Novice: 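Pasting in a structure now, in C-alpha cells, and then I'll have a few things to ask.
Each chain gets a letter, A, B and so on, in the order the sequences are listed, and its residues count up from 1. What you see is a predicted model, and the numbers here were worked out from it, not measured in a lab.
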Number of protein chains: 2
Amino acid sequence: MDDSGAPTAARGGGIEARRPGRARVLRTIRQHTQVARVDIARETGISPATVTAITADLLSEGLIERISPDAGERPKTSRGRPREALKIRGAAHLVAGVKVSQGAITVLLVDFEGRELGTQEIPRAERRSSAAALVDQIALAVDRACHAIGLDPARVSAVGVGLAGYVDGLRGLVHWSSALTERNVPLADLLSQRVHYAVFIDNDANLVATAEHLFGRGQALRTFLVVTIQHGIGLGVVIDGQLYRGARGCGAEFGHTKVAPGDGAACQCGQRGCLEAYTSEYALLRQAEEVGAGTFTDMAALQEAAAQGDAGIADLLSAAGEYFSMGLANLINIFDPELIILAFEAAGNHPLCQPEIVEAVHSKVVQVDVAPPEIVVHNWGDRMWAKGAAAYGIERLTHLLVEDLGAP
Amino acid sequence: MDDSGAPTAARGGGIEARRPGRARVLRTIRQHTQVARVDIARETGISPATVTAITADLLSEGLIERISPDAGERPKTSRGRPREALKIRGAAHLVAGVKVSQGAITVLLVDFEGRELGTQEIPRAERRSSAAALVDQIALAVDRACHAIGLDPARVSAVGVGLAGYVDGLRGLVHWSSALTERNVPLADLLSQRVHYAVFIDNDANLVATAEHLFGRGQALRTFLVVTIQHGIGLGVVIDGQLYRGARGCGAEFGHTKVAPGDGAACQCGQRGCLEAYTSEYALLRQAEEVGAGTFTDMAALQEAAAQGDAGIADLLSAAGEYFSMGLANLINIFDPELIILAFEAAGNHPLCQPEIVEAVHSKVVQVDVAPPEIVVHNWGDRMWAKGAAAYGIERLTHLLVEDLGAP
DNA sequence: AGGCATTAATTTGACAGAAAAAATAATTCT
DNA sequence: AGAATTATTTTTTCTGTCAAATTAATGCCT
C-alpha cells in the first residue's frame with residue numbers, strides 16, 4: 001500500500017499515453033465541476049470498480065475531494081444509496097496565468113479548480129524588451145499578484161505564459177514575438193531557472209483554445225477551432241481532444257495565410273497578401289490613413305466613419321469582411337471541425353463579428369447534406385487571456401501530476 | 001491456447017486503442033520489409049520479451065513469417081546469435097485496390113505484403129452511373145482481375161475503393177461523387193451486401209496519403225500532407241501517424257478552398273473563387289476557350305500554346321501557378337507539416353510542378369529559423385491510384401486483424 | 001418500526017499486457 | 001574446446017482493469 005522502501009520505478013503500463021484512465025477520470029470530474037462515481041463510470045465507459053480505485057488514489061493524493069452531503073440541496077427523488085459527488089480540490093495547487101501584451105503584463109491567480117483568486121497588472125515600459133527583462137517582469141508580476149492577496153509565492157505550483165508570435169509550446173521556445181527584441185528565446189527554460197514553479201509557455205491563441213477545451217464551449221468536443229482577433233489574428237486547433245501543434249511547433253499561423261495573390265497588402269511579417277494585412281486593427285488603421293481619410297485611433301472610429309458615409313473606409317471594412325469570411329470558410333473546408341469559436345475583444349461591435357460574416361462563410365463552404373459547423377462568438381478581454389494562460393498552466397500541471405509516474 | 005469453448009469475451013485491455021503493441025510491431029515489420037526482433041524492440045521501445053510474445057502470436061496467426069537463413073547474403077560481421085528476420089506473410093491475405101475514375105475502373109490485386117499480383121481495367125460506359133450499377137461494375141472488375149491470374153475470387157479478404165468526391169470513409173458514405181448520379185450513397189454497405197469480402201471506401205486523396213504512409217515517403221513521418229492533382233485537386237492529411245478526417249468525415253477539401261474574393265472564377269461545385277477553378281485541367285481548358293484562344297485537349301497543349309507566345313494562355317497558366325503556390329503556402333502555414341508530397345499524373349511537364357512553384361511557396365511561408373518543410377513530387381498514374389486503394393484496403397484489414405478482438 | 005427494494009460504492013479474485021531478470025540458444029573468436 | 005557475444009525465450013512480477021459479489025446507505029411499504 002504505502003512506500004516500504006522498495007523502488008517503485010517504471011515497470012508495467014503502456015508506452016505512449018501513460019495511465020489514460022486517471023487522466024480521463026480527472027478530466028471528467030473537471031468538466032462536470034462535481035460528479036458522482038457512477039456517472040464517471042457511465043460517461044467514460046470505465047468500470048465502477050476501476051473508478052473507485054482511481055478516485056481513491058486521486059483522493060489520497062489530494063487532487064480531488066468528496067463533497068460534504070450539504071443538507072441544502074437534496075434531489076430526494078431517488079431511492080438507494082445516495083451518490084457521493086467528487087470535485088477537484090482547489091486547494092491542491094495554486095496556478096498563475098500570465099498574458100504578455102504590448103502595454104502590460106496581466107497575471108491571474110487561480111486555484112486548481114480554476115477559481116480566480118486574484119489578479120494583477122503591471123505596465124511594461126517598452127513594447128519590446130530583452131528576454132532577461134521579460135523574465136524579470138513576469139517573475140515580479142507573479143510575486144506581486146500573490147502578495148496582493150496575502151499568499152506566499154512559494155505556494156505557486158505552475159505558471160502558464162501566453163504571448164503573441166511564433167511559439168513552440170512543447171519546447172518552450174519563442175521563435176519570434178512582438179514582445180521580444182531577440183529571436184529564438186528559450187523563454188520557458190530562462191524563467192524556470194529563476195523561479196521555483198513549473199513554467200509552460202505557448203502562443204496566445206493556443207491558450208484560448210486550451211481554455212475553451214478545459215472550461216468553455218469545447219469541453220464536450222473532440223475537434224474545434226478557435227480564431228482570436230486581438231492585435232493580430234490567431235488560430236488554435238484542437239483535434240481529437242488534443243491541441244494541434246505542427247512539426248516545428250509553430251503551426252496554425254492563420255493570420256499569415258495568404259488571401260491575395262501577387263502584390264497584396266504588405267504585412268507586419270514582411271510578406272504580402274496576409275489575411276492579417278487586410279483584417280487586423282493595426283492594418284486597417286494604417287490603410288485608412290493611406291487612403292487619406294484622416295487618422296483614426298481604433299476600430300470603432302473606423303466604423304463610425306463608415307457609417308457617416310466615408311466610402312473609402314466602408315470599402316476597407318467590407319474588404320476586410322470578405323477576406324475574413326474567406327479565411328474562415330477555408331478553415332472549415334480543410335478541417336471540417338465541429339465548431340468554430342471566434343474570440344473577440346469587443347465582440348458586439350467588431351466589424352468582423354456581424355451576422356453577415358457568418359452567412360458569407362456558409363456560402364463559401366463545401367455543401368454536403370450535413371449541417372456546416374456552428375460559429376460562435378466569445379468575448380475575450382485582456383484578463384480572459386490571462387485566464388486562458390492559467391487554464392493552460394492547469395492542464396500541463398495536471399498532465400505532470402496524472403500521467404507521469406509519481407514524484408517522491 | 002486454442003478455443004476450448006469458454007467465452008473469451010472482451011475482458012482486460014484498454015478502452016480506446018486496442019492492443020497498441022501488436023499494431024506497432026506489425027507496422028514496424030511492414031515498414032522495414034524485414035527486420036529482426038531486437039530491432040523491433042529498439043525501435044518501438046517495447047521490451048524484447050514482449051516483442052517475442054507479440055511476434056509469436058502473429059506467427060501463429062499466420063500474419064508474419066520467419067525468413068529462412070538464406071545462405072546467400074550473410075553479414076558475417078557480427079558475432080553472437082544471429083538475428084532472425086521477420087516479414088509480413090504475403091500469402092496471409094489477398095487484397096484488391098479499386099480506383100473508380102470517369103472512364104474506367106482499375107483494379108490491382110496485391111498480397112498482404114503489398115506485392116502486385118495482377119491488374120485489370122474495365123471501361124465504364126457512362127461517366128456517371130447509379131450506385132447499383134457502380135456496385136456491379138466494381139464486383140465484376142474484382143472478379144475478372146482474380147480470374148485473369150487464376151485466383152479464386154473467394155480468396156479476396158478485403159477491397160479498398162477510391163473515388164473522387166466528398167466521401168465519409170469511416171461510415172462508408174459517399175456524400176457526392178462525380179462518378180455517381182445519386183447523392184448520399186452508402187457505397188461500402190451496398191457493395192458489402194453483394195460480395196463476401198470486407199469493403200472500405202474513401203476519397204482518393206486519402207488513399208494516396210495512406211499509400212505514402214504505409215509504403216512511401218511518409219513511412220517514417222508523423223505529420224505530412226499529400227496534394228493530388230488529377231482531374232480535380234485533392235488533399236490527404238496525416239497527423240500524428242493517423243489519417244485526419246473531419247468531424248463530418250469529409251474534411252480536407254483543399255480544391256474548394258477559396259483563393260479569390262467576391263466574384264472569382266466559377267467552379268464545378270457551384271461556388272466561386274475555388275482553387276480548383278484556377279488550377280485544374282478542366283477549368284483551365286474551359287477558360288482558355290473563353291478567352292478565345294481556341295480549343296485545347298489537354299494541359300500539354302496549353303503549355304505548348306503558351307510557349308508559342310500566346311499571352312492569354314500564358315497569363316492563365318501563370319495565374320494558376322500563383323494561386324497554387326498560395327494554396328500550398330497556406331497549408332504549410334496552417335499545418336506546419338514535416339513534408340508535402342505532390343502527386344501528379346505526368347509530373348515532369350505539369351505547369352504546377354515546376355521549381356518556381358516551390359520557390360514561390362517558400363516565399364509565402366511564415367519565416368522562422370527552422371527550415372520549411374520539404375516538398376517532393378511523386379508520379380501517380382491511374383494504376384498507382386489503384387495501388388493506393390489497395391494500401392488502404394491492407395491498412396483497414398490489418399486494423400481489423402490486429403486491433404480488434406479475435407474473431408472465432 | 002422493521003423489512004424490502006433500490007441504487008451506490010467497495011472488495012475480491014482474476015486476467016491480460018508488458019517489463020525485469022534470468023535462462024537458453026546460436027554464433028564467432030581465441 | 002572454451003570464452004565472449006549477441007539474440008531470443010522463459011520466468012516472474014507488476015499494474016491497470018474488469019466481472020462478480022459484497023457492503024453501504026437510503027426511501028418505500030406494510
Novice: Rounded off to whole Å, could you give me the CD-to-P distance for the A/E84 and D/dA24 pair?
Specialist: 14 Å
Novice: Sequence neighbours left out, what pairs pass salt bridge (Lys or Arg N to Asp or Glu O under 4.0 Å) with at least one residue falling in residues 87-97 of chain B?
Specialist: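 Non-adjacent pairs meeting salt bridge (Lys or Arg N to Asp or Glu O under 4.0 Å): B/E65-B/K87, B/K87-B/E113.
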Novice: Nearest whole angstrom, please: distance from the P of C/dA9 to the CG of A/L58.
Specialist: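 In whole Å, C/dA9 P and A/L58 CG are 15 Å from each other.
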Novice: What integer distance in Å separates B/R42:CZ from D/dT6:P?
Specialist: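 Value for this atom pair: 11 Å.
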Novice: Between B/V51 and A/A53, which is nearer to the 5' end of DNA chain C once each is assigned its nearest nucleotide?
Specialist: A/A53
Novice: Can you check the A/R19 CZ to D/dC14 P distance for me, whole Å?
Specialist: 16 Å
Novice: Using the side-chain heavy atoms of A/P82, tell me which of these nucleotides is nearest: C/dA18, D/dT17, D/dT26.
Specialist: D/dT26
Novice: Rounded to the nearest Å, what distance is computed from the CG atom of residue A/D57 to the C1' atom of nucleotide D/dG16?
Specialist: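 So the CG-C1' distance, A/D57 to D/dG16, works out to 11 Å.
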Novice: Which nucleotide, D/dT8, C/dA21, C/dA8, lies nearest any side-chain atom of B/A49?
Specialist: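 Out of D/dT8, C/dA21, C/dA8, the nucleotide with an atom closest to B/A49's side chain is C/dA21.
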Novice: Between D/dT5 atom P and B/R83 atom CZ, what is the distance in whole Å?
Specialist: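 In whole Å, D/dT5 P lies 16 Å from B/R83 CZ.
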Novice: Would you say that B/D202 contacts B/R245 through its side chain, given a criterion of any heavy-atom pair below 4.5 Å between the two side chains?
Specialist: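 Yes, at least one pair of side-chain atoms sits under 4.5 Å.
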Novice: Counting side-chain heavy atoms from C-beta on, which of C/dA9, C/dG17, D/dT9 comes nearest to A/T52?
Specialist: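 Nearest listed nucleotide: C/dA9.
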Novice: Relative to the 5' end of DNA chain D, which residue comes earlier, A/G21 or B/P48, by the nucleotide with the nearest heavy atom?
Specialist: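 The residue whose closest nucleotide sits nearer the 5' end is B/P48.
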Novice: May I ask you to check whether A/F335 and A/Y244 place their ring centers less than 6.0 Å from one another?
Specialist: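 That pair fails the under 6.0 Å test.
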Novice: Rounded at 0.5 Å granularity, tell me how far OG1 in B/T52 sits from CD1 in B/I40.
Specialist: 9.5 Å
Novice: What nitrogen or oxygen pairs link the protein and nucleotides 2-6 of chain C at under 3.5 Å?
Specialist:
{"residue": "C/dT6", "atom": "O2", "partner": "A/G80", "partner atom": "N", "Å": "3.2"}

Novice: Cationic tip of A/R30 within the cone over A/F215's six-membered ring, i.e. under 6.0 Å and within 45° of the normal?
Specialist: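 Ring-cation test returns no.
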Novice: Round to a whole Å and report the spacing from CD1 of A/I54 to P of C/dT11.
Specialist: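 Taking CD1 of A/I54 and P of C/dT11, I get 15 Å after rounding.
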Novice: Starting from P on D/dA7, measure out to CD1 on B/I46 and report it in whole angstrom.
Specialist: 18 Å
Novice: When you check the phosphate oxygens OP1 and OP2 of D/dT17, does a side-chain N or O of A/S47 lie under 4.0 Å from one of them?
Specialist: no
Novice: For the side chain of B/R66, counting heavy atoms from C-beta on, which of C/dA8, C/dT11, D/dT9 is nearest?
Specialist: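 For the B/R66 side chain, the nearest candidate turns out to be D/dT9.
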Novice: Is there a side-chain contact between B/T210 and B/L243, using heavy atoms and a 4.5 Å cut-off?
Specialist: yes
Novice: Which nucleotide in the list D/dC18, D/dT8, D/dA25 gets nearest to the side chain of A/T50?
Specialist: D/dC18
Novice: Can you tell whether the side chains of A/R217 and A/E212 come within less than 4.0 Å, N to carboxylate O?
Specialist: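 Between A/E212 and A/R217 there is no salt bridge, as every charged N stays at least 4.0 Å from the carboxylate O atoms.
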